[in-house]
Participant: 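Submitted below is the structure of interest, expressed as structure tokens.
Not measured: the values here are computed from a predicted model. Lettering follows sequence order; numbering is per chain, from 1.
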Amino acid sequence: MNARPDNPGPGLAVAHCLRETDIFDGRIVGLGYEALDPGLHLPEYCDAGYLLPYPSAGDSTFLERIALIKEREQIDALIPCLDAELPSVTRLLSEIERMGIATYLPSPDQLELRNKDRLEELAAHAGIEAPRTKPVADAQFFFECTRRGWEFPLVVKGLFYDAAIVRSPDQAVTAFKRIAAQWGLPVLVQEFLEGEEVNLTGVADGNGRLLSPVMMKKLALTDKGKAWSGITVSDDTLLEASRSLVERTRWRGPLEVEVMREPDGAYRLIEINPRFPAWVYLTAGAGHNALDTLLRLMRGERLDCEEPAPAGVIYLRYAEDTILPLEEYESVVMNGWRTPLEPHQESSP
Amino acid sequence: MTDARKPWVKPSIVMHRSGMVNKFGSVQRSQWQDQLAGVSVAALVEEHGSPLFVISEQKLRDNARHLLHAFATRYPSVRYAWSYKTNYLGAVCRALHQEGAWAEVVSGFEYEKARSLGVPGNEIVFNGPHKTRSSLERAIAEGARIQVDHLDELYLIESIARETGRRVPIGIRLNYETGYTENWSRFGFNVESGQAMDAAWRIANSDSLELKWLHSHIGTFVLDHRAYGAAARIVAGFMNDVEQKTGCEIDAIDIGGGFASHNALQGIYLPPEQVVPSLDQYAEEVCTPLLEATYERVARGRPLPTLILETGRAVVDDAESLITTVVANKKMPDGRRCVIVDAGVNVLFTAFWYNHQITPTRDLTGAPEETVIYGPLCMNIDVIRKSILLPPVRTGDTLIVSPVGAYNNTQWLQFIEYRPRVVLVHGEAEVSVVRERETLATVTELEQLPPHLAPTDHDGQSPDPSR
Amino acid sequence: MSELQFSEESLLPDAATLERLALSSSGFLFDPVSGHSFTLNETGRDILKILQETRDLKALKQQLSDEYDLDSSTLDRDLLEFLGSVRDQLRRP
Ligand SMILES: Cc1ncc(COP(=O)(O)O)c(C=O)c1O
């Protein structure tokens with residue numbers, strides 16, 4: 001689920017969309033990496049919650065866990081919502097499918113295409129430009145970079161996640177170290193783009209078609225630059241770029257395309273994510289529920305919903321408190337799952 | 001009366017910290033193995049002591065065959081040269097020579113060792129920035145394949161060639177930007193700046209030298225296989241260029257080593273199985289541009305240049321493991337547990353940059369806890385693993401550290417402790433000692449005590465202040 | 001040296017602390033004063049459970065030797081370390 005108070009992941013929003021599709025009224029199992037992930041604990045969205053081992057724990061640990069969840073919950077389909085877990089899931093796809101769990105995902109090759117250091121190739125598929133990007137393994141780079149044509153401000157990015165805008169070598173080195181410590185080397189350096197971000201999400205059918213596209217512009221941002229509120233828009237350049245990308249890569253499964261519209265009107269591809277974005281609930285609100293599309297594709301239906309969602313629908317994110325009995329927390333910590341809501345008997349006073 | 005009591009597991013208490021509560025953490029599900037290459041770990045330690053290096057000959061040979069297969073199925077003319085510095089134990093080198101590998105050496109010592117192991121001079125690739133006049137004289141006389149690192153070496157070879165009246169075929173080492181690696185510009189001649197072409201001109205103008213080979217080694221543990229695509233394209237491009245401009249005929253391209261082994265580099269987030277490219281991926285990257293760049297010369301009836309590989313760690317790393325024994329458990333003031341083992345960084349240099357896999361040799365019960373593994377040296381830097389989730393272990397338990405085959409048996413040093421035995425498992429679980437454990441005599445053999453410092457009968461008594 | 005040589009008082013968590021701790025059979029431990037929770041392994045859980053019943057080191061050791069297969073010096077050593085870390089962890093803010 002990867003739902004964090006200050007940096008919401010898409011999991012809860014995906015569950016929210018699932019609850020609102022017409023074609024699904026089954027159980028939803030939330031999978032998370034941290035006992036305090038709200039996605040494990042909110043019965044409105046998830047009927048059960050399980051911890052997963054981190055991708056760094058290795059394939060066999062991950063598969064064993066999925067097998068256990070399959071056995072306990074009889075899950076039929078898996079919808080990964082975290083970038084870092086996608087490589088494992090796609091690599092282990094045949095094992096996962098052999099367990100009787102369906103997925104609808106890009107291939108490992110397609111995934112590699114979105115490695116942050118292959119952005120230019122990807123942008124070529126979209127028919128737009130990419131910001132200049134360079135992998136950096138040594139923080140010394142930042143003291144010499146202006147000589148090599150990299151002017152501050154720059155964006156320092158993790159291979160999987162995290163980004164910081166830096167304005168001096170010292171800031172850059174601090175960001176480099178923090179990001180390298182969490183996400184490993186190399187760290188990416190990107191030219192800083194001024195302009196306005198516009199995003200698109202949808203589902204690609206693997207045959208070159210982009211289905212139920214929804215485009216969004218952020219209206220309000222958190223301190224971390226995450227969308228707090230947004231509005232659907234209708235941007236032909238973004239739509240065409242996304243369609244071209246999907247067609248040329250034969251992308252399969254969910255995706256989010258992020259582009260920057262620069263002050264002079266040029267578009268630059270920032271990245272694509274191989275999953276639904278945290279704002280995916282807006283698709284349901286705009287009448288293009290992306291999960292509905294995904295489930296129908298998984299069932300093998302032929303769909304024609306290639307038209308973009310109407311502009312002018314707003315979403316607003318808010319935080320809410322929920323109550324977590326100690327027994328439930330204990331169960332997640334000790335067993336790695338949220339117990340069904342039964343009276344808890346074992347704990348002593 | 002049978003004892004129905006439960007087995008004792010060291011008691012533990014671990015505090016939950018926000019953001020870190022995941023019972024799986026990054027633990028490898030408590031796997032264990034009590035055998036290495038089909039031989040019982042307990043029996044190995046019983047007979048050969050601990051710590052103990054254990055090499056699997058079969059694994060080593062399989063790795064070499066796998067490498068050759070990956071390349072030879074994509075490119076018709078491939079030669080493998082064993083990079084001595086990665087592991088020059090005689091047994092390792094001989095097994096690989098039996099697999100058809102030449103030797104790749106980077107010093108006079110390594111050259112002598114290769115010769116002593118029966119490798120003829122013309123099957124030795126001689127690299128490196130330090131080649132003495134005497135080692136070059138021998139290499140030239142024996143027809144070794146010298147690859148030049150700098151201009152001073154070039155002139156030295158030329159002067160030897162003139163003295164002996166020979167025309168000496170040589171190669172030069174190239175360095176360049178692949179776009180995916182930091183350029184190791186300290187070795188060889190730079191391509192982009194024109195330095196390499198200048199050297200080629202100089203060779204073309206010499207009547208005693210002949211440029212026959214191009215060499216490069218872009219780095220080590222290169223995780224991005226695309227770097228090799230770029231390397232092959234650049235070197236092959238340079239080959240076509242230099243042949244056209246200077247009229248030389250290149251008959252071999254040596255792409256060096258650098259393929260990653262299945263080890264977990266510190267600072268890399270994902271485990272090796274997820275980030276280390278397969279040998280086939282590397283091979284595809286190298287061979288495709290090479291075939292493209294040589295298409296024309298083949299059409300004109302010239303043979304393909306031989307592709308030489310100097311793969312080190314990817315061949316030997318996972319063919320060797322280190323058995324070590326727990327000597328103590330400790331609790332640190334910050335709550336972490338630590339385990340002291342009998343193998344230190346003096347025999348496991350690679351612990352400085354790898355998070356080696358640590359495998360228990362029995363089914364460890366009890367919850368895994370964050371643990372630091374320290375070596376036995378009385379030195380703060382002696383850390384085998386900074387952090388690993390491990391169930392409680394007892395003193396006397398053995399652990400397997402792997403893979404350790406690359407660079408440890410060459411970079412290890414006798415420091416504080418004796419270096420342990422190395423054994424080779426071969427055939428039907430047969431075990432041979434391939435390097436003996438050091439003794440006091442090994443360590444003092446080369447020392448000399450001036451007579452006035454020699455121990456006497458009076459030793460052990462307090463010094464006489466009147467003397 | 002089969003007996004621990006220092007005072008029991010200094011080794012064991014105090015009675016009030018032991019009493020307030022909520023220990024579950026899963027090994028989950030909650031300290032209502034600090035708000036911290038902990039995971040104990042099976043042995044750790046058994047030790048704290050016994051201590052909550054009787055805060056007596058001799059009885060604890062007797063009971064553990066009856067239930068577990070171990071020699072007394074291992075028991076001494078591991079208790080010394082474990083009780084020390086329990087004391088320390090429960091003291092943390
Ligand atoms: C010239 C040369 N060739 C080959 C190697 C072997 O490299 P690796 O073990 O990374 O394959 C090295 C190692 O540094 C080297 O310097």
Participant: If I compare all heavy atoms of B/P333 with all of C/D88, which pair ends up nearest, and what's the gap?
Facilitator: O-OD2, 3.7 Å
Participant: Any side-chain heavy-atom pair from C/T39 and B/I13 closer than 4.5 angstrom?
Facilitator: no
Participant: Is C/E67 in contact with chain B via its backbone, its side chain, both, or neither, using a 4.5 Å heavy-atom distance?
Facilitator: both
Participant: When you compare the side chain of C/D78 with that of B/P11, does any pair of heavy atoms fall below 4.5 Å?
Facilitator: yes
Participant: Less than 4.5 Å to any heavy atom of chain B: does that hold for the side chain of C/I47, its backbone, both, or neither?
Facilitator: side chain
Participant: Is C/R77 close to B/N329 at the side-chain level, that is, under 4.5 Å between some pair of heavy atoms?
Facilitator: yes
Participant: Are more than 12 heavy atoms, taken from residues, nucleotides or ligands other than C/D66, located less than 6.0 Å from that residue's CG atom?
Facilitator: yes
Participant: Just how far is it from atom CE of B/M15 to atom OG of C/S85, taken to the nearest 0.5 Å?
Facilitator: 10.0 Å
Participant: If I measure from the heavy atoms of chain B, does C/L29 come under 4.5 Å with its side chain, its backbone, both, or neither?
Facilitator: side chain
Participant: Tell me, for C/L64 versus chain B, whether the close heavy atoms (under 4.5 Å) come from the side chain, the backbone, both or neither.
Facilitator: side chain
Participant: Identify the two heavy atoms, one from C/S37 and one from B/H16, that lie closest to each other, and give their separation to 0.1 Å.
Facilitator: OG-ND1, 2.6 Å
Participant: Are B/W8 and C/T74 close enough that some pair of their side-chain heavy atoms sits under 4.5 Å apart?
Facilitator: yes
Participant: May I ask you to test the B/K6-C/D46 pair for a side-chain heavy-atom distance under 4.5 Å?
Facilitator: yes
Participant: Under 6.0 Å from the CZ atom of B/R437, do we count more than 12 heavy atoms belonging to anything else shown?
Facilitator: no
Participant: Tell me, for C/F30 versus chain B, whether the close heavy atoms (under 4.5 Å) come from the side chain, the backbone, both or neither.
Facilitator: neither
Participant: Specify the closest pair of heavy atoms between C/D69 and B/R5, including all atoms of both residues, with the distance to one decimal.
Facilitator: OD1-NH2, 3.3 Å
Participant: Any side-chain heavy atom of B/R337 within less than 4.5 Å of one from C/E81?
Facilitator: no
